[in-house]
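As a basis for the values below, the full set of heavy atoms in this structure was taken, side chains included, without hydrogen atoms, waters or symmetry mates.
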Amino acid sequence: LAGNTGAQHYSILALSNYDIPSGLTGNSLNILLTQLPQTIEWPCSVTLGGSLVGVAGQNGITISADGVDIDLAGHTLAGVAGSFDGIAVQSVRRALSVRNGKVRRWGSSGVWAGNVTAGSFEGLTLDQNGQYGLLPGTGARVVACVASANSIDGISTGLGCVVRGCAARANLAAGIVLGSQSQAIDCQSSANRAGIVAGDGCQVSRCTLHDNTQQGVFAGNGCHIADCNVRNNLLDGIRVSFSCTVIGNNTNGNGTGTAAAAAILVQGSRNRIEGNNLSFEDGLNVTGTNNLIVRNTLGSANALIVAGNS
């Protein structure tokens, strides 16, 4: 393929049959993938030719280039016992896109892209993988993905990511983990250990968190949690530490797993807790000082607020 220029297109079934220079430029390279395992070493577009099954002791697709676009085309990448990651990225890479299909039953993670910057992941189902469903890296866009029954977290992002319209259910650790300065918007997370675990400076908005065995939302410092529906989580519905805003959330039935749990638990200072509706649960528990608590509706719930708050 060396020496071609312009918008040339190539459809390749078995990559091992071709010698494609690693410095290939000027080509638009299209790969139709029909067998696993495969390693992608060039910027290209990859489309699955059908559902593919991995092998033990190998990743399904290994990425070692920037600018790779993978369209699963509605098909499934299926792992087997002893397999590694469904899609794995080697070394630091940029601009990986994966979309439109299922990645399931891999021995390690479904999609391991923790060292990728500015990735895009859309319309993926990540199911029953042996570690994580999806690790999208830093500055990623994760849209309309479903992560279920993975052995660690369903979706676990790096810094500065946006997770929108995703669902996580029955993952053995957290449904969604947000790296610092990330956002979860219009997501649902249920029946995990924790619904959403948010690092410092995150935003969690318009999410539904229910029936998790620990917290609905476990937030770091400086987070904004707003307009969420938080129900029937065994520990706290929402737990915050320092400098957070918790505004306009509806909670019900949280905190039944232990007497120390609450609908909203405030453990630090300089938080603003405003306009939340709390009913039929252990209520509002503020153990830190110098917090502003205003216009919350408690219904039959209790408020345990230490001195030094307003």
Side-chain angles (χ1 to χ4, degrees), residues 63 70 72 76-77 79 85-89 96-106 108-220 223 225 228 230 233:
I63 308 297
I70 300 176
L72 301 181
T76 298
L77 283 178
D85 300 315
I87 298 173
V89 181
L96 170 67
S97 173
V98 185
R99 65 185 185 277
N100 188 27
K102 299 180 178 66
V103 187
R104 62 193 309 265
R105 293 181 180 262
W106 289 87
S108 295
S109 297
V111 178
W112 198 101
N115 46 13
V116 170
T117 299
S120 177
F121 306 87
E122 185 167 359
L124 300 175
T125 297
L126 307 133
D127 178 60
Q128 298 181 72
N129 296 291
Q131 294 183 4
Y132 299 90
L134 168 63
L135 285 90
T138 299
R141 172 180 172 269
V142 182
V143 178
C145 292
V146 176
S148 60
N150 298 287
S151 294
I152 305 182
D153 303 322
I155 299 169
S156 184
T157 82
L159 303 176
C161 295
V162 176
V163 181
R164 184 184 295 271
C166 293
R169 180 173 176 80
N171 300 284
L172 296 188
I176 299 172
V177 176
L178 299 175
S180 297
Q181 287 81 55
S182 295
Q183 299 177 330
I185 304 169
D186 296 327
C187 293
Q188 183 179 79
S189 189
S190 63
N192 312 283
R193 183 182 300 168
I196 294 178
V197 177
D200 292 349
C202 288
Q203 174 184 336
V204 180
S205 298
R206 301 195 305 271
C207 293
T208 299
L209 300 315
H210 66 92
D211 294 293
N212 297 288
T213 60
Q214 293 188 1
Q215 294 81 15
V217 181
F218 191 121
C223 291
I225 303 164
C228 294
V230 187
N233 300 285

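Nearest approach of G195 to S189, heavy atoms of both residues: O-OG, 2.7 Å. For the pair C166 and A144, the tightest heavy-atom approach, listed with the atom from each and the gap, is SG-N, 3.7 Å. Nearest approach of C161 to G158, heavy atoms of both residues: SG-O, 3.7 Å.
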Exercise for the section: Show your reasoning for whether side chain to side chain contact (heavy atoms under 4.5 Å, CB included) applies to I63 and V116. Expected result: CA-CA 10 Å; I63 308 297; V116 170; over 6 Å; no

Problem - Audit row: L178, V204, side chain to side chain contact (heavy atoms under 4.5 Å, CB included) steps and yes/no - result: CA-CA 9 Å; L178 299 175; V204 180; 4.1 Å; yes

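In this structure A191 satisfies the side chain to side chain contact (heavy atoms under 4.5 Å, CB included) test together with R169, sequence neighbours excluded. Legend: residues meeting side chain to side chain donor-acceptor pair (under 3.5 Å) with Q203, ordered by chain and number and at least two apart, are Q183, S205. Not counting sequence neighbours, the partners of A173 by the side chain to side chain contact (heavy atoms under 4.5 Å, CB included) test are I152, D153. Legend: residues meeting side chain to side chain contact (heavy atoms under 4.5 Å, CB included) with T213, ordered by chain and number and at least two apart, are R193, L234.
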Which side-chain N or O atoms in residues 121-140 pair as donor and acceptor under 3.5 Å with protein atoms at least two apart or in another chain?
unit_1	atom_1	unit_2	atom_2	d
E122	OE1	R141	NH1	3.2
E122	OE1	R141	NH2	3.4
D127	OD1	S148	OG	2.7
D127	OD2	R104	NE	3.3
D127	OD2	R104	NH2	3.0
Q128	OE1	R105	NH2	3.3
N129	OD1	R105	N	3.3
N129	OD1	W106	N	2.9
N129	ND2	V103	O	3.2
N129	ND2	N150	OD1	3.0

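The OG atom of S97 sits 8.5 Å away from atom CD1 of I70, with the distance rounded to the nearest 0.5 Å. Taken from OG1 in T208 to CD in Q188, the straight-line distance is 5.5 Å, to the nearest 0.5 Å. In this structure, CD1 on I196 lies 6.5 Å from SG on C228, to the nearest 0.5 angstrom. Of the inter-residue distances, the one linking I155 atom CD1 with I176 atom CD1 reads 5.0 Å to the nearest 0.5 angstrom. Distance check, rounded to the nearest 0.5 Å: CG of L209 to OG of S190 gives 9.0 Å.
No donor-acceptor pair closer than 3.5 Å links the side chain of S109 to the backbone N or O of D85. Put simply, the side chain of N192 gets close to the backbone of A170: a donor and an acceptor are under 3.5 Å apart. Listed for the S182 side chain is a donor-acceptor partner under 3.5 Å among the backbone atoms of G160.
Among residue pairs with one or both ends in residues 201-215, those qualifying as salt bridge (Lys or Arg N to Asp or Glu O under 4.0 Å) are D186-R206; sequence neighbours excluded.
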